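Please read these numbers as outputs of a predicted model, since none were measured by experiment.
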Amino acid sequence: MPKINEQINSSCSDKNSEVLRFSIGRNGQIRLMRKRIPEKTGGPVLKKLAMILLLPVFCLFVAGNSFPADPNKVIHSVFEAADDGFDMVRTQNYYSGWVADAIFETLLTYDYLARPARLVPNTVEAMPEISPDGKTYTFRLKKNIFFAPDPVFGNRKRELTANDYVYSIKRLADPANRSPSAGFIRGKIAGLDRQVEKARKTGRFDYDETVFGLQALDRYTLRIKLNVPDSNFPYLLAYGALAAVSREAVETYGDRNAVHPVGTGPYMLRDYVPRSRIVLEANPYYRGFVWNFEPSGDPWDDQLVRDMKGKKMPQIGRVEISVIEEEQSRWLSFQEGKIDFDKLPQLAAPVALDHGKLKPEFTDQGIKQYSMVEPEVTYTLFNMQDPVTGGYSREKIALRRAIAMSYNTQAEIELLRNGQASKAQMIIPPGVAGHDPAYRSSIAYEPELASRLLDHFGYRRQQDGYRTMPDGSPLVLKIRTEANASSRVVSEIWKRGLDRIGVKVMFEVGNFADNLKDAAGCRLMMWGGAWHADYPEGENFMQLLYGPNAGQGNYGCYRSKAFDALYRQAIQLPPGEKRNRLYVQMNRQMEADTAWSVHVSRTRNWLVRPWVMGFKKHPILLSDWQYLDVSK
């Protein structure tokens, strides 16, 4: 048996739904603990998993690898909201994606330092070969990439193959998964939509049936044929929902797949307490890479290159993530040195910043500040199927328009963001192709005009000052929100504005992950969210309002023939002025229907402790732990 040079910990479930936890010490001693778990949280798995009792055999390949990650190097991170598991086919949760990007791997990824964002090979030898007509992409996978050790693979290493990407992309399209990201590939891959329609009729997606446009030519060669050329398609192949998963792991763990992720990436899940704590450990089978990124002209890069160039990565052996939703609590934890880097909470901006720069009391501690305008937009959506806020009649559009006109975005920037934000004029934010800096929204904060609009369309005020619907029934808005300080400020801004125009509002407080699930089902009358770019092109934002995506990313179930027609025209054009003009028209159509109330784009100030090396927040990449080091 190979020499065991580090502590190994793991767990799995056997056929009796018992957790078998084992620990292997540096002296080779094995400790095994058995704990019964309820059937509803465990469930049967393949009988061969019971073979975990033959632990020395299983550990033969777990403990024998040598890799640079040091288990004594730990990064302490924090999330401001909860994930909802790590199956990115089934969620678009930002925090889920942050973890999943460290566990699973896409064909392509982004250069860590390059700005603007630039795609580079990840699990493939080189960028794809593209046919002269722009419709066929051929990828050649690197050899000897292995999934993290897991009982589902028995006592063998499981190599990544082209078929894993075929399966993963099919799984994204499978209607049974109701993926909110399915619209990313809808209509794009030749023959795939036909298989999706067949699955809708039969109730079963045949994963073994050949799709003309999605084939593994051999073990390491993947060919994808598109229906029409698509300049954004390479970006999609760097998006987490198209990362490689193993079919045997997905089918074995079933509904537990979201909390038992098995990928080829630099980290694997070690411990998970939903909505509280996530612990990642370095994947001993990860092939690693050399930190060899070139500076992009940003002075920040120079220090990173001095600290990191030539190091074998990853260096970090363990990542401990706490979920702390309250800003004040996060800020206290950072000040106490319990968090290694974090976004400066907005409420702390007056305390920590002076004219946008970190105050001496913090720089004297060696804390560094990295500022960037996020490629994101915050907004409040209206459920277009809701009996109160939904519909496309003139009086319903007038109601949504008046509601949007009652929201004081400048108050949000001052009271909540402490000046660390700018008003979002359009759906596509700065830093994303398609953003027009000259664009100005037709919806402004005008409560008096909003009141006259409601008067005109028959929303009458009663003696208590609040309005009824045109038919005399009560008019009450229900806005879903979260239990944190930021949400309370936004709720107060909404209430002040709505009181001015005579519209009664109730705030329903829920957990972010639960709210996201309800939004995906178009069950929320109104809900505030943010969309961070998955790739740096306007299509990524416009698809949030595309009708066929209703219930699958289009959380307001907005359907507009005019908007959809413009969307289809836009995605058939190459990036450039013509496509951007269509994006402007789509913005105007959304405003005319008032499907969203668009708010701000935030400036993020990342504070980094002096022992953290290599940190630079990427505009698209979420996971960054594999690029970092810490000084002991």
S.K.: Heavy atoms, side chains only, cut-off 4.5 Å: are L381 and M526 in contact?
M.R.: no
S.K.: Does T378 reach the main-chain N or O of V600 with its side chain, forming a donor-acceptor pair under 3.5 Å?
M.R.: yes
S.K.: Are the side chain of S601 and the backbone of S422 linked by a donor-acceptor contact shorter than 3.5 Å?
M.R.: no
S.K.: Does the D386 side chain pair with the main chain of M525, one donor and one acceptor, at a distance under 3.5 Å?
M.R.: no
S.K.: Using a strict 4.0 Å threshold on nitrogen-to-oxygen distance, state whether R602 and E374 make a salt bridge.
M.R.: no
S.K.: Could you tell me how the ring of F86 sits relative to the ring of Y272: parallel (under 30°), tilted (30 to 60°) or perpendicular (over 60°)?
M.R.: perpendicular
S.K.: Please test I185 against L172 for side-chain contact (heavy atoms from CB on, under 4.5 Å), starting from the C-alpha separation and ending with a verdict.
M.R.: CA-CA 8 Å; I185 59 171; L172 177 63; 3.8 Å; yes
S.K.: Evaluate the criterion side-chain contact (heavy atoms from CB on, under 4.5 Å) for residue pair K478 and V505; output intermediate values, then yes/no.
M.R.: CA-CA 6 Å; K478 295 179 181 179; V505 61; over 6 Å; no
S.K.: Ignoring hydrogens and angles, tell me if any N or O in the side chain of N540 forms a donor-acceptor pair with the backbone of A533 under 3.5 Å.
M.R.: no
S.K.: Could you check D87 against R90 for side-chain contact (heavy atoms from CB on, under 4.5 Å), going step by step and ending with a plain yes or no?
M.R.: CA-CA 6 Å; D87 183 353; R90 295 179 180 247; 3.4 Å; yes
S.K.: Fit a plane to each ring of F563 and Y567, take the angle between them on a 0 to 90° scale, and name the class: parallel (under 30°), tilted (30 to 60°) or perpendicular (over 60°).
M.R.: parallel
S.K.: Would you call K188 and D230 a salt bridge, taking side-chain N to carboxylate O under 4.0 Å as the test?
M.R.: yes
S.K.: Output the distance between atom CZ (R330) and atom CD1 (I339), rounded to the nearest 0.5 Å.
M.R.: 8.0 Å
S.K.: Will you find, in the side chains of N605 and S371, an N or O donor that is under 3.5 Å from an N or O acceptor?
M.R.: yes
S.K.: Scan side-chain atoms only and decide if N484 and E325 contain a donor-acceptor pair under the 3.5 Å cut-off.
M.R.: no
S.K.: Without swapping roles, check the side chain of T481 against the backbone of V509 for a donor-acceptor pair under 3.5 Å.
M.R.: no
S.K.: Between R480 and D518, is there a side-chain N and carboxylate O pair less than 4.0 Å apart?
M.R.: yes
S.K.: Between K338 and E320 (salt bridge meaning N to carboxylate O under 4.0 Å), is one present in this structure?
M.R.: no
S.K.: Under 3.5 Å, is there a donor on one side chain and an acceptor on the other for T123 and E105?
M.R.: no
S.K.: Distance-only, no hydrogens or angles: does the N283 side chain make a donor-acceptor pair with backbone N or O of G265 under 3.5 Å?
M.R.: yes
S.K.: Would a 4.5 Å heavy-atom cut-off, applied to side chains only, mark F79 and I324 as touching?
M.R.: no
S.K.: Closer than 3.5 angstrom, by distance alone: can the side chain of N93 be matched with the main-chain N or O of A82 as a donor-acceptor pair?
M.R.: yes
S.K.: Any donor-acceptor pair under 3.5 Å linking the side-chain atoms of D83 with those of W98?
M.R.: no
S.K.: Give the minimum heavy-atom separation between A349 and N418, together with the two atoms involved.
M.R.: CB-CB, 3.7 Å
S.K.: Classify the angle between the aromatic ring planes of W596 and Y379 as parallel (below 30°), tilted (30 to 60°) or perpendicular (above 60°).
M.R.: parallel
S.K.: Output all residues satisfying salt bridge (charged side-chain N to carboxylate O under 4.0 Å, His left out) with D111, sequence neighbours left out; order by chain, then residue number.
M.R.: R118
S.K.: How about Y555 and Q92: does a side-chain donor come under 3.5 Å of a side-chain acceptor?
M.R.: yes
S.K.: Are any of the side-chain heavy atoms of R275 and N511 separated by less than 4.5 Å?
M.R.: yes
S.K.: Students often mix this up, so state it plainly: with edges at 30° and 60°, are the rings of F334 and W331 parallel, tilted or perpendicular?
M.R.: parallel
S.K.: Tell me whether R604 is salt-bridged to E80, with the criterion being a basic N under 4.0 Å from an acidic carboxylate O.
M.R.: yes
S.K.: So do the side chains of K617 and K343 get within less than 4.5 Å of each other, counting heavy atoms only?
M.R.: no
S.K.: Taking NZ, NE, NH1 and NH2 as the nitrogens, is one of them in E197 or R200 under 4.0 Å from a carboxylate oxygen of the other?
M.R.: yes
S.K.: On the 0 to 90° scale, with breaks at 30° and 60°, tag the F341-W606 ring pair as parallel, tilted or perpendicular.
M.R.: tilted
S.K.: Can you confirm whether Y546 sits close enough to I571 that some side-chain heavy atom of one is under 4.5 Å from a side-chain heavy atom of the other?
M.R.: no
S.K.: Say you draw a straight line from CG of L622 to OG of S96; how long is it, rounded to the nearest 0.5 Å?
M.R.: 10.5 Å
S.K.: Do the side chains of D164 and R158 get nearer than 4.5 Å, heavy atoms only?
M.R.: yes
S.K.: Go through D208 and R247 one step at a time and tell me if the salt bridge (Lys or Arg N to Asp or Glu O under 4.0 Å) criterion holds.
M.R.: CA-CA 11 Å; D208 296 314; R247 183 171 180 174; 2.9 Å; yes
S.K.: Looking at every non-hydrogen atom in both residues, tell me the closest pair between V373 and T603 and how far apart they are.
M.R.: CG2-OG1, 3.9 Å
S.K.: Please tell me if the side chains of Y558 and N549 come closer than 4.5 Å, counting only heavy atoms from C-beta onward.
M.R.: no
S.K.: Distance from S246 atom OG to F153 atom CZ, nearest 0.5 Å?
M.R.: 3.5 Å
S.K.: Rounded at 0.5 Å granularity, tell me how far OG1 in T109 sits from CG in L237.
M.R.: 12.0 Å
S.K.: Hey, what's the ring geometry for F615 with Y370, parallel, tilted or perpendicular (30° and 60° as the breaks)?
M.R.: perpendicular
S.K.: If I take atom CG from residue N163 and atom CG from residue L222, how far apart are they, to the nearest 0.5 angstrom?
M.R.: 9.0 Å
S.K.: Between R559 and D593, does at least one N-O distance fall below 4.0 Å, as a salt bridge requires?
M.R.: no
S.K.: With sequence neighbours excluded, tell me which residues meet ring-ring contact (aromatic ring centres under 6.0 Å, His included) with Y112.
M.R.: F293, Y627
S.K.: Using a strict cut-off of less than 4.0 Å between a Lys/Arg side-chain nitrogen and an Asp/Glu carboxylate oxygen, indicate whether D174 and R171 qualify as a salt bridge.
M.R.: no
S.K.: Would you say the side chains of Q626 and Y286 form a donor-acceptor pair under 3.5 Å?
M.R.: no
S.K.: Calculate, to the nearest 0.5 Å, the distance between atoms CG and CD belonging to D534 and E539 respectively.
M.R.: 11.0 Å
S.K.: Does the R400 side chain pair with the main chain of T594, one donor and one acceptor, at a distance under 3.5 Å?
M.R.: yes
S.K.: Would you call I479 and W527 a side-chain contact if the rule is heavy atoms closer than 4.5 Å?
M.R.: no
S.K.: For I103 versus M268, what's the shortest heavy-atom pair and its separation?
M.R.: CG1-CA, 4.4 Å
S.K.: Quick one: does S168's side chain have a donor or acceptor within less than 3.5 Å of a partner on V245's backbone?
M.R.: yes
